[in-house]
Amino acid sequence: MQVSARNQLVGSISEIKEGAVNNEVILSLADGEELTTVITCESCKTLNLTVGKEAVAIIKAPWVVLAKPDCGLQFSARNQFSGKVTNIIEGAVNSTIHLVTTKGVELTAIITNESLQDMQLTKGNDIIALVKASSVILATRK
């Protein structure tokens with residue numbers, strides 16, 4: 001699959017919580033992490049989603065919000081991954097932040113250089129990656 005999103009996480013559907021308009025779909029990743037997405041009931045039917053089916057979670061790097069563990073805040077984002085910064089690539093306006101979660105999931109985030117400086121991020125820093133469930137796109141093979 002060739003898509004421009006940097007975060008493509010493969011897993012199997014472990015649970016579908018049905019709603020009137022949207023369903024909550026939980027994807028179990030190979031390393032033990034879980035990822036929650038909220039998609040329409042129509043999309044669940046179109047993708048023929050069932051428990052056990054393999055799916056790919058697609059998350060654009062700008063949709064990954066970073067927070068320091070000691071920031072003193074609680075977050076409403078369903079997906080919260082603790083990890084460490086593994087690499088930082090500074091650009092003219094934005095920086096690419098690579099991180100790995102405590103269970104081994106590799107994620108990429110894009111943040112402004114101003115945020116990079118304000119957060120004083122460096123390689124090896126502890127970090128929390130936040131992803132809203134509505135920011136996760138699911139894909140399946142035909």
Side-chain angles (χ1 to χ4, degrees), residues 1-91 93-121 123-142:
M1 174 172 35
Q2 293 181 333
V3 296
S4 63
R6 298 193 195 187
N7 300 296
Q8 299 177 35
L9 308 173
V10 178
S12 63
I13 296 170
S14 59
E15 187 176 354
I16 300 173
K17 297 177 185 175
E18 294 186 12
V21 176
N22 293 319
N23 290 343
E24 183 179 271
V25 179
I26 300 173
L27 191 67
S28 292
L29 306 176
D31 47 32
E33 293 276 17
E34 285 191 336
L35 183 72
T36 301
T37 183
V38 174
I39 63 174
T40 64
C41 298
E42 185 68 27
S43 289
C44 278
K45 288 178 188 173
T46 300
L47 295 172
N48 193 27
L49 297 184
T50 57
V51 171
K53 184 170 185 167
E54 183 178 280
V56 179
I58 299 170
I59 308 163
K60 291 182 61 67
W63 298 346
V64 178
V65 176
L66 300 179
K68 286 202 157 182
D70 60 358
C71 70
L73 299 173
Q74 291 183 320
F75 301 99
S76 64
R78 189 71 53 86
N79 301 296
Q80 300 183 27
F81 301 103
S82 296
K84 288 196 178 292
V85 174
T86 57
N87 194 23
I88 298 172
I89 303 168
E90 288 190 56
V93 176
N94 293 322
S95 292
T96 302
I97 312 298
H98 296 276
L99 64 112
V100 63
T101 70
T102 54
K103 292 186 178 181
V105 172
E106 294 180 10
L107 292 171
T108 301
I110 300 288
I111 64 172
T112 64
N113 289 340
E114 184 178 353
S115 291
L116 178 67
Q117 291 169 357
D118 289 348
M119 294 178 72
Q120 300 176 342
L121 289 182
K123 187 176 176 180
N125 279 148
D126 289 332
I127 199 75
I128 299 171
L130 306 163
V131 181
K132 290 180 57 67
S134 58
S135 294
V136 178
I137 298 169
L138 280 186
T140 59
R141 305 212 187 273
K142 291 184 177 185

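One is the number of the first residue; the rest follow in order along the sequence.
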Rounded to the nearest 0.5 Å, what separation is found between the [atom1] atom of [X] and the [atom2] atom of [Y]?
X      : Y      : atom1 : atom2 : result
Asn79  : Glu34  : CG    : CD    : 9.5 Å
Leu66  : Ile127 : CG    : CD1   : 4.5 Å
Thr140 : Leu47  : OG1   : CG    : 4.5 Å
Leu9   : Leu138 : CG    : CG    : 10.5 Å
Ile137 : Ile59  : CD1   : CD1   : 9.5 Å
Thr112 : Asp118 : OG1   : CG    : 7.5 Å

Report the C-alpha separation of Lys132 and Val38 in whole Å, then their side-chain angles, then the decisive distance to 0.1 Å, and conclude whether the side chain to side chain contact (heavy atoms under 4.5 Å, CB included) test is met.
-> CA-CA 9 Å; Lys132 290 180 57 67; Val38 174; over 6 Å; no
Within 6.0 angstrom of Glu114 CD, more than 12 heavy atoms from elsewhere |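 No, because the 6.0 Å sphere around CD of Glu114 holds 12 heavy atoms or fewer from other groups.
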More than 12 non-hydrogen atoms from neighbouring residues, nucleotides or ligands closer than 6.0 Å to NZ on Lys123, yes or no?
->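 Open: at most 12 neighbouring heavy atoms sit under 6.0 Å from NZ of Lys123.
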Flag the pair Arg6 / Val64 as yes when at least one side-chain heavy-atom distance between them is below 4.5 Å, and no otherwise.
->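 They are not in side-chain contact.
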Side chains of His98 and Ile89 in contact at under 4.5 Å (non-hydrogen atoms) |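 Yes, at least one pair of side-chain atoms sits under 4.5 Å.
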Are the side chain of [X] and the backbone N or O of [Y] linked by a donor-acceptor pair below 3.5 Å?
X     : Y      : result
Thr37 : Val25  : no
Asn7  : Thr108 : yes
Thr46 : Glu42  : yes
Gln80 : Phe75  : yes

Where do [X] and [Y] come nearest, in terms of heavy atoms and distance?
X      : Y      : answer
Lys103 : Asp31  : O-CB, 3.2 Å
Gly19  : Cys41  : O-SG, 3.3 Å
Ser95  : Leu116 : OG-CD2, 3.3 Å
Lys68  : Leu121 : CE-CD2, 4.0 Å
Asn23  : Glu18  : OD1-CA, 3.1 Å
Ile39  : Val136 : CG2-O, 4.4 Å

Can you check side chain to side chain contact (heavy atoms under 4.5 Å, CB included) on Lys84 and Asp126, steps first, answer last?
-> CA-CA 5 Å; Lys84 288 196 178 292; Asp126 289 332; 2.5 Å; yes
Verify side chain to side chain contact (heavy atoms under 4.5 Å, CB included) between Phe81 and Leu107, making sure each step is shown before the conclusion.
-> CA-CA 9 Å; Phe81 301 103; Leu107 292 171; 3.9 Å; yes
